[in-house]
Amino acid sequence: MSRSYYIAGNWKMHNTRAQSAELAQALVTELKDGKHKYLVAPTFSSIETVSAIVEGTNIRLGAQNCAAEEQGAHTGEVSVLQLKDLGVQTIILGHSERRHTYKEDDVLINKKVKLALKHGFEVILCIGELLEEREAGKVEEVCERQTVKGLEGVDASDLGNVVIAYEPVWAIGTGKTATPEDAEVVHAFVRKVIACLYGDNAASKMIIQYGGSVKADNAAQLMAMENIDGALVGGASLKVDTFVPIAKFKS
Ligand code: 13P
């Protein structure tokens, strides 16, 4: 298996520019010898500041969302052209907070995915079920739908720029992590969905991150599972002391 681990920090709506700069600077120092692939996704207003700090390092620069259109009359939105201008390399799309709090549906997310890929970005497509969907036995149905619809119309040649993040909504920010075994079942299933869409070879190369209360003390067990290729970290990505041990977990 040739997949490498990919550890990403989603800073969500936290940190001023000064706080973001301090965190980014410390991560550049701490992770410079890190063995895995890394990313930080600051809030929009801190992207330019962080861009100057991570440029040329082994830490990629991410955004947490983008508009579905390139430009125009879209008050409050940020375009892929503007993100490119800031040095953003990766865009997180379909995060559960976008899906559930801001009511983004699969059609809108798919439009964003295709636009971001067209402009050469890497996309982290987030999928994951609500607690009531899990309790109703709908985990596979939800994850399959979000994966298939999120990637609808995406050409196989663009798949190298796609990462999936499985983030069960009930595990986000709650301190309740999925057990490595439970997460592995879903990751293996999602890889099968990718295989049905694009073939076994593409599926075996797809990076599938886990997200939802990842901490230093559960990261290694999660990533020891065959189909878990990294982590998308929220709360624990906001402090050097909590993110670095995850980023440098021992495989
Ligand atoms: P937490 O790590 O805070 O649970 O957040 C996960 C997440 O939503 C990352 O995108």
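What you see below is based on every heavy atom in this structure, not just the backbone, and it leaves out hydrogens, waters and symmetry mates. Numbering of ligands and ligand atoms starts at 1, following listing order.
- Residue contact check for ligand 1: Ala171 places a non-hydrogen atom closer than 4.0 Å to it.
- Residues Glu144 and Thr147 have side chains that never bring a donor and an acceptor to within less than 3.5 angstrom of each other.
- Residue contacts with ligand 1 for Asn10 involve side-chain atoms from C-beta outward but no N, CA, C or O (heavy atoms, distance under 4.0 Å).
- Counting protein heavy atoms only, atom 9 (C) of ligand 1 is closest to Glu167 OE2, 2.9 Å.
- Residue pairs that meet the salt bridge (charged side-chain N to carboxylate O under 4.0 Å, His left out) test with at least one member in residues 83-103, sequence neighbours left out, are Lys12-Glu97, Arg98-Glu104, Arg99-Asp106.
- Gly234 N, 2.9 Å is the protein heavy atom nearest to atom 2 (O) of ligand 1.
- Between the side chains of Glu132 and Trp170, no donor-acceptor pair of N or O atoms lies under 3.5 Å.
- For Glu152, there are no salt bridge (Lys or Arg N to Asp or Glu O under 4.0 Å) partners at least two apart in sequence or on another chain.
- For ligand 1, one of its N or O atoms has an N or O atom of Lys12 under 3.5 Å away.
- The shortest heavy-atom distance from Ala236 to ligand 1 is not under 4.0 Å.
- The shortest N or O to N or O distance between Lys215 and ligand 1 is not under 3.5 Å.
- Within ligand 1, the atoms closer than 4.0 Å to a non-hydrogen atom of Gly212 are 4 (O), 6 (C), numbered from 1 in the order shown.
- Using a 4.5 Å heavy-atom cutoff, the side chains of Tyr210 and His187 are in contact.
- For Gly211, the closest heavy-atom approach to ligand 1 does not fall below 4.0 Å.
- At least one N or O atom of Gly173, backbone or side chain, sits closer than 3.5 Å to an N or O atom of ligand 1.
- The closest side-chain donor-acceptor pair between Ser20 and Ser46 falls under 3.5 angstrom.
- Here Asn110 contributes atom CG and Leu151 contributes atom CG; the two are 8.0 Å apart, rounded to the nearest 0.5 Å.
- Side-chain contact check for Val190 versus Tyr166: every heavy-atom pair is 4.5 Å or farther apart.
- Looking only at protein heavy atoms, the nearest one to atom 3 (O) of ligand 1 is Gly235 N, 2.8 Å.
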